[in-house]
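Structure, as structure tokens:
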There are 2 protein chains.
Amino acid sequence: MKSRISNWTDIQTFLAVYREGSTLAASRLLGLAQPTVARRIEILEHHLNLPLFERDTRGFHPTGHARALLATAEAVEAAITDLEKEASGLASPGPIRITAYSANFSPRVKKIFNEFTTGHPGVRLEFLPGMKMLDLEKGEADIALRLTRTPPPADLICRKISTAQYALFGSRTYSAKHGLPDSLDDLAGHSFVTFEREDVSKVMHSWLLDHVAPEQIALSFSEFELMHAAIQSGMGLGILNLKLVEQDTDLVRCCDPIEELSAEHLMLISKQAYKRPEVRQFTKFFAPRYTALFKDET
Amino acid sequence: MKSRISNWTDIQTFLAVYREGSTLAASRLLGLAQPTVARRIEILEHHLNLPLFERDTRGFHPTGHARALLATAEAVEAAITDLEKEASGLASPGPIRITAYSANFSPRVKKIFNEFTTGHPGVRLEFLPGMKMLDLEKGEADIALRLTRTPPPADLICRKISTAQYALFGSRTYSAKHGLPDSLDDLAGHSFVTFEREDVSKVMHSWLLDHVAPEQIALSFSEFELMHAAIQSGMGLGILNLKLVEQDTDLVRCCDPIEELSAEHLMLISKQAYKRPEVRQFTKFFAPRYTALFKDET
DNA sequence: ATACGGCTCTTCATTTCTGTAGAGCAACAC
DNA sequence: GTGTTGCTCTACAGAAATGAAGAGCCGTAT
């Protein structure tokens, strides 16, 4: 029972011999001398109190016990590899990669980034604007600012920023020509623009299809900015985020916020990234300031 | 990037220093000299190219990097512990623990066990008879012979033995006094015995309640053997396994096998146990012979 | 039949690691 | 103030692990 492995590295040796089939080949793999490898296996066998290999003039052949332990030994190796990877990430840290819909990188938000960078000159930030949902868990980004209607994966760190609300908007130009609807029951006869793209959630587009006739949809865009611009130029009515356009006096809201389109506005951080001290610092600095932007000023 | 950890044991040292807060305390924990511990940390820091501790006249204090690596380092430690545990299990193997319903340990089955034990004198078998479902994944047993109507957990090794069929049986004594029903439509006026217990599936008991009136149930047992004996002594009709009673000329089947009670007869082996060579050997020996017992002899 | 390649062992000098001992520093109790 | 405790270092001698070299075994190709 008192079979403690005194030298963890011996497991590496074990794996090398198991895979190569001989201590000589293993020694080349490990950059050691052959007797060293043989001795280490001997020591390991002694510690575990198990014969691991049958010696033979043409090599070391794993016993049933060795086969039984292989998977677990490989788990140790994998854990070591993880550690090395993580350490090398810490040693030469890449920038903190932040993904968000382009409009989230507004002047007021950029100001927060700048303040942080000023206070932490060593830390670089990288921005990945776009509608596409990058996979934080796969390491495609470190932090995401997202509007989502589904609960986020459990293994992401998550801070709630606000609840985003949506409504139909039209520009004053449009209003002058066609007037604006008063409510959602009054949409007949109006024109609409929409946003639709394969790799992005279609919730808003679907909502529109449910409430207006297909022929009312004047234009469909695959870039959100283009749709936004189209609404501004008076080409039709469209769904926009209340906070996003609250500064834009040219756009007029045509209805109450559409509750079924409301989304959680979250700041998501991958667990892996959150281990990095800079990412922690950044989060601590950024989250409250960013949240404050979305607080209703009374 | 070329930051390979040359000595895996250094991670143990790292954890000890992290936990104890000083190289001196860590050295006591590890049974090493204090300078050795300090040197190993130095080496590790050099390999990882990361400062892990801030030195101070009253101890080693972890840096942010050390904190970031802690969880992963502990994963390595856990993997090592697993390996040690598994090895110590292989070194001093306990018996192969086999759980099954008591009647499964019939003379014909015991004969197979005996043949195996004769051929493998070093391997001990332990029998855990009972209706209760022991949890193989928790290590309560190594092998289970089971009748089940639900698919088994994916991480058990599973061999199908047969499909068990059930029907109503009555003894000749009972038959002489009250006659026997011809089919399931003919159950009125007969008495029944049943088996019911908290920790065991109630499928058969429920079936009976669905097909006969409550007052027809003469007796309810919490031991399967007692119910079996009650049927044999003519106290009532009851549901029994066809294979179990095929040798018993005193019992008469009253209906066709009840399809909705059919169950998969499985041999289940925990993955953990299956790593042990003896368990593999036993399975290879036992499974085909056991299966043969349930083949219909034409 | 012989030579070669690939392997395991053993031996021994050498490198590397480890432990002991002691100096020095800071915090704390008295 | 002084003594004590707990810690980090450095220096050096002894212990342990390592590598180089060589003997020997076996299967195979020539």
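Below, each value reflects all heavy atoms present in this structure, side chains not excepted, and no hydrogens, waters or symmetry copies.
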Separation of [N] [atom2] from [X] [atom1] (nearest whole Å):
X: Glu42(B); N: dT10(D); atom1: CD; atom2: C1'; value: 12 Å
X: Glu20(A); N: dC7(C); atom1: CD; atom2: P; value: 9 Å
X: Phe53(B); N: dC9(D); atom1: CZ; atom2: P; value: 12 Å
X: Arg28(A); N: dG5(C); atom1: CZ; atom2: P; value: 13 Å

Which nucleotide wins on minimum distance to the side chain of Ala25(A), given the candidates dT10(D), dC7(C), dC7(D)?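 The answer is dC7(C).
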Spell out yes or no: do the side chain of Gln34(B) and the base of dC7(D) have one donor N/O and one acceptor N/O closer than 3.5 Å?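 Donor-acceptor pair under 3.5 Å: no.
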Heavy-atom side-chain proximity of [X] to [Y] below 4.5 angstrom:
X: Leu156(B); Y: Ile269(B); value: no
X: Arg4(A); Y: Glu84(B); value: yes
X: Phe282(A); Y: Leu125(A); value: yes

N or O in side chain of Arg55(B) less than 4.0 angstrom from dA26(C) OP1/OP2: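 Looking at the OP1 and OP2 atoms of dA26(C), neither is under 4.0 Å from any side-chain N or O of Arg55(B).
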Does Thr36(A) place a side-chain N or O at less than 4.0 Å from the phosphate oxygens OP1/OP2 of dA17(D)?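 Checking dA17(D) against Thr36(A), no side-chain N or O comes under 4.0 Å of OP1 or OP2.
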Select from Ala33(B) and Leu24(A) the residue whose nearest nucleotide in DNA chain C is closer to the 5' end of that strand.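 Nearer the 5' end of the strand: Leu24(A).
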List, with names and distances, any nitrogen or oxygen atoms from the protein found under 3.5 Å away from nitrogen or oxygen atoms belonging to nucleotides 23-26 of chain D.
from	atom 1	to	atom 2	distance (Å)
dC25(D)	O2	Thr57(A)	OG1	3.0

CD/Glu54(B): more than 12 non-hydrogen atoms of other groups inside 6.0 Å: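 Not buried by this count: 12 neighbours or fewer within 6.0 Å.
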If you count every heavy atom of other residues, nucleotides or ligands that lies below 6.0 Å from His46(B) atom NE2, does the total exceed 12?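 Incorrect, the count does not exceed 12.
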Strictly by modelled atom types, are His265(B) and Tyr290(B) linked by a side-chain donor-acceptor pair under 3.5 Å?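 On atom types as modelled, these side chains qualify, holding a pair under 3.5 Å.
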For Arg39(A), report the nucleic acid contact type (base, sugar-phosphate, nothing); a contact means any heavy atom under 4.0 Å.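 Base, at least one base heavy atom under 4.0 Å.
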